[in-house]
Structures are given as C-alpha cells and as structure tokens.
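Computed from a predicted structure; not experimentally measured. In listed order, ligands and their atoms are each counted from 1.
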Amino acid sequence: MSSLVFSRLAPTPSGYLHFGNAFNFLLTRLLVDYQRGHLHLRIDDLDGPRVERSSVEDIFVQLEWLGIDYDSGPSGPDELYSKFSQQLRKERYHESLELLHKSGHLFACECSRSEIRQLSLNRNYPGTCRDKKLNLLNENQPWRVRVPEQTFVSFKTFTNKIEKIDVSQEMGDFVIKRRDGLPAYQLASIIDDLELGVNLVIRGQDLRASTGAQLFLAKCLNDSTFPAIRFVHHFLQNDDSGDKLSKTKGAHSLKMLKSKHRKPTWIYQETAKSLNLPFQEIRTLDDLKETFQSAMVLKDGQIKLLDRMN
Ligand SMILES: [Zn+2]
C-alpha cells in the first residue's frame, strides 16, 4: 500500500513569477494528477522585509491565469496572512533551532561575506569559526550547521531510484539562522514539508544542494519520515542568452508576457516542448494533462520525460 501522494507549490514572493515558475507549477500539477495526489499551496514568505504584497498577489493572479488549482492552502493574500504565513510559524522554527543548538550541531560565525569569498576554495564556507566556540547568543552573527567531511544523504527519485548527495561538498557548513535573526530557508522549508506530510517535492536543479542540506537537517532533528519523500529536480528554463530566468530581472515575468498578449496556451505549449511532448495540438491545460498522461503510461515515455531530471 502506498500512501497518498502529497506535494506542494512553494513560491517565494520576492518578485514577479516568470516562465520558470509556471513550468515548475505545471510539472508539479501534472505529476500530482498522474498519481491522483493532493497539492498544497505554500508561500515561502519568511523573508519579511523583502516580501511585498504585490509579489504575494502576483502568485494568486498567475495561478488563476494559468488555471492551476490546488487542494489546500491560502485562497488569497488575506487568508495567507491570517492563517498560513510562515511569519506565524517563527516560534516553531526557533524550537527546532534550539534542538539543533542543544544537540551540538551549530556554531556561531563572525566572518564577513568578503572574508568567506577570499578564503573559500569551492564557494563553500571555509570553516573559519567552526572551532572558535563563539557565543551563540552574540547578536548579528549567523548560526551555521557543522557538516562533517563525507556527509552523504540519499533521497528517492520519482521512479524510486536512490540518489546520493555529498552535503559537505555541495553545501559545506550552511547558515541556519541568518544574521538578522530569521531562521534560514533550509530550516523553514524542511520543517513545513515534514509537518504538512509532503512526500513528493518537485523543484529546480538549482535546489539540489538545498535538498541535501534539508535531508541532513531532518536527520539532525531525528525525523524518521523524511526518507519517504521523493524528489524531482527538473532542468531550469533559461532566457535567450542562456542565463537562468530570475525574478529580479523581470523580463520574462508572466505579468510582462501577459502585457504582450501571450495566452496561457503559449505557456502550456512551451511546457510541453520542454518536456519533449507533442505540443502543436495543445490549447488548454486539460490538453496538456492528457498529452502528459499518455506519455507517462508508457514506460519509455516515462523514462524520456524524467531522465533529464534528478
Ligand atoms: Zn565564520
């Protein structure tokens, strides 16, 4: 017996959503529907100072425009702020920080960004403060998680293959509490996923190292449910010059595409194209779903669809 598939859309409201986000949402909806699962909308709005209401509103507007529905989560900004916001869960995250602190996984760090940049060999933290035993109660100092050499975690892919990540290589000692005192994304994300009962996470390849960090955290927190989570790390959508699409650039935002009279049909077709599916006949989201399902039921089709991921 396998349990119900439970996945989530987890946009961060730090700018306007772009085609890459739409692709992620559509792929998630398609995979969840393929397994008749449950889809939750979670908005990662912990980063208070950088979250603007217009970015939050944009998420709801674009989901509706794309016709992507979800089974639980906020129905609009007001319900987000009153019931679902990560801002309301800060205490919960701090409890976990305390646990990690007590079990000796954390250390305070006094390095500046430029010091880290100068000393780092592979963009990871060079370990400068690891053994300094700085007081964790010092203000304005981030907390880092000690990641011993050769820390491997493994996760399951959509098709239940086991993949390994060397967290010490891919992340190093990562920040868990930020300089401004907020819990870092890694912590909020895994705590929320575990509490929601998420067992399928679909995210971009740029977050593969984060997956490693989060699985390592779950281990440190003695959570036994995380091995049940399957992960899909999909390829990223690039702009015309080959750079990863980013919210800060805004040029490919859905808002902008709409103002140029692009229709959702275009997004569905582009999504199908990226997935190597026949796209000419696709007009609606249902057409896309049908095309996707027919490819997925064939073993070859499934492999073709998913082999460029993870
Ligand atoms: Zn340091």
Side-chain angles (χ1 to χ4, degrees), residues 10 12 14-15 44-51 86-87 89-155 164-194 203-223 226 231 233 244 246-248:
T12 307
S14 58
D44 285 357
D45 66 343
L46 190 60
D47 195 359
R50 289 201 307 173
V51 171
Q86 290 184 324
Q87 300 288 336
R89 292 172 46 73
K90 277 189 194 161
E91 242 174 80
R92 176 70 194 82
Y93 306 135
H94 280 287
E95 278 168 25
S96 298
L97 275 176
E98 258 329 288
L99 263 173
L100 291 166
H101 171 197
K102 282 195 185 126
S103 52
H105 288 289
L106 308 183
F107 64 92
C109 170
E110 60 181 358
C111 304
S112 67
R113 277 198 191 95
S114 63
E115 281 167 340
I116 295 174
R117 220 175 303 126
Q118 278 165 20
L119 288 171
S120 173
L121 300 170
N122 54 359
R123 284 172 44 215
N124 285 347
Y125 178 69
T128 321
C129 304
R130 245 189 183 190
D131 301 311
K132 280 190 191 165
K133 295 199 169 61
L134 297 169
N135 190 340
L136 282 149
L137 301 176
N138 289 347
E139 286 202 5
N140 302 321
Q141 285 184 354
W143 292 1
R144 290 182 178 275
V145 182
R146 193 187 310 268
V147 183
E149 290 303 302
Q150 309 250 330
T151 296
F152 289 93
V153 291
S154 52
F155 68 87
K164 265 188 182 175
I165 300 178
D166 182 345
V167 190
S168 44
Q169 276 295 316
E170 301 221 4
M171 282 303 274
D173 297 340
F174 57 93
V175 171
I176 190 77
K177 190 175 97 170
R178 303 172 359 167
R179 205 174 290 273
D180 59 11
L182 279 176
Y185 158 77
Q186 308 294 3
L187 184 75
S189 182
I190 192 72
I191 299 278
D192 286 2
D193 279 340
L194 293 173
R203 52 172 44 154
Q205 260 153 12
D206 54 338
L207 287 176
R208 203 172 184 278
S210 288
T211 295
Q214 293 167 20
L215 292 179
F216 179 62
L217 280 179
K219 235 184 209 179
C220 296
L221 290 164
N222 287 322
D223 186 278
F226 74 86
F231 289 88
H233 299 97
K244 180 191 136 186
S246 87
K247 281 196 200 121
T248 39

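Inter-residue side-chain proximity for L182 and K90 is flagged as met; some heavy-atom pair is nearer than 4.5 Å.
Between the side chains of D45 and Q87, no donor-acceptor pair of N or O atoms lies under 3.5 Å. Side chains of S168 and Q150: a donor-acceptor N/O pair is absent below 3.5 angstrom, by distance only.
Between H233 and F155, the ring center distance clears the sub-6.0 Å criterion.
Under the 3.5 Å distance criterion, the side-chain polar atoms of Q186 are left unmatched by any main-chain donor or acceptor of A213. Side-chain atoms of D166 come within 3.5 Å of backbone atoms of Q169 as a donor-acceptor pair (strictly under, hydrogens ignored).
Inspection of the environment of the Zn ion (ligand 1) yields the following protein N, O or S atoms under 2.8 Å: C109 SG, C111 SG, Y125 OH, C129 SG.
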